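Structure, as structure tokens:
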Amino acid sequence: MARFLQVFAVVLVILVLVFAALPALLRAFDVPSFSIGDRAFWLLSWRNEAEKTGIRFSVVPLIILAVGVGLVDHWLMYGDRS
């Protein structure tokens, strides 16, 4: 269980760092506005307009992804012990 939590924390930190670096990359390449996801399941929203620029992302899908990676790692480590 401790390994699961360790993998979960590492994946979550990496995902947050990637999303923290995205505004600089998107601004440098002058990417037009877009949104990934829909309504309750949106992941990322980028606005690049003359008035303002900004990025918003939902934490829930990031947590779900980190839990999924942690569970897969846990299953790979302890699942074939028969």
Side-chain angles (χ1 to χ4, degrees):
M1 184 65 166
R3 177 160 169 82
F4 166 76
L5 292 175
Q6 182 182 18
V7 170
F8 168 75
V10 168
V11 169
L12 190 61
V13 167
I14 289 172
L15 288 172
V16 168
L17 289 176
V18 166
F19 276 96
L22 269 178
L25 291 172
L26 295 174
R27 187 82 169 135
F29 291 114
D30 199 26
V31 177
S33 298
F34 67 89
S35 181
I36 299 175
D38 189 29
R39 300 194 181 161
F41 299 106
W42 68 276
L43 178 64
L44 171 71
S45 176
W46 168 251
R47 291 185 63 190
N48 188 7
E49 299 168 354
E51 305 87 47
K52 67 179 193 176
T53 300
I55 191 168
R56 294 183 328 158
F57 63 93
S58 177
V59 177
V60 175
L62 294 179
I63 291 173
I64 292 171
L65 182 61
V67 166
V69 170
L71 287 174
V72 167
D73 178 68
H74 183 74
W75 177 75
L76 289 175
M77 292 292 293
Y78 300 109
D80 291 337
R81 305 227 180 191
S82 40

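Counting begins at 1 with the first residue of the sequence. Keep in mind the model is a prediction, meaning the values are calculated, not measured.
Interatomic distance, Thr53 OG1 to Asn48 CG, rounded to the nearest 0.5 Å: 4.5 Å. One finds the CG atom of Leu43 at 9.0 Å from the CG atom of Leu15 (value rounded to the nearest 0.5 Å). Interatomic distance, Leu25 CG to Phe29 CZ, rounded to the nearest 0.5 Å: 6.5 Å.
Looking at residues two or more places apart in sequence or on another chain, you find a side chain to side chain donor-acceptor pair (under 3.5 Å) between Arg47 and Glu49. Scored by the ring pair (Phe, Tyr, Trp, His ring centres under 6.0 Å) test, Phe8 finds no partners at all (sequence neighbours excluded). Every residue meeting the salt bridge (Lys or Arg N to Asp or Glu O under 4.0 Å) condition with Arg3, not counting sequence neighbours, appears here in chain and number order: Asp73. With sequence neighbours left out, the side chain to side chain donor-acceptor pair (under 3.5 Å) criterion links Asp38 to no other residue.
Under the 3.5 Å distance criterion, the side-chain polar atoms of Trp46 are matched with a main-chain donor or acceptor of Val31.
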Show me the donor-acceptor pairs, under 3.5 Å and distance only, between side chains in residues 55-68 and residues at least two apart or in other chains.
none

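Clustering ILVMFWY residues whenever any of their side-chain heavy atoms sit less than 4.5 angstrom apart, transitively, puts Phe19 in the very cluster that holds Val11. By the criterion of side-chain heavy atoms lying less than 4.5 angstrom apart, applied directly or through intervening Ile, Leu, Val, Met, Phe, Trp or Tyr residues, Ile36 is grouped together with Leu22 in one hydrophobic cluster.
Cluster partners of Val16, using a side-chain heavy-atom cutoff of under 4.5 Å among ILVMFWY residues and allowing indirect links: none.
Contact of the Phe34 side chain with the Leu26 side chain is registered, since non-hydrogen atoms from C-beta on lie closer than 4.5 Å.
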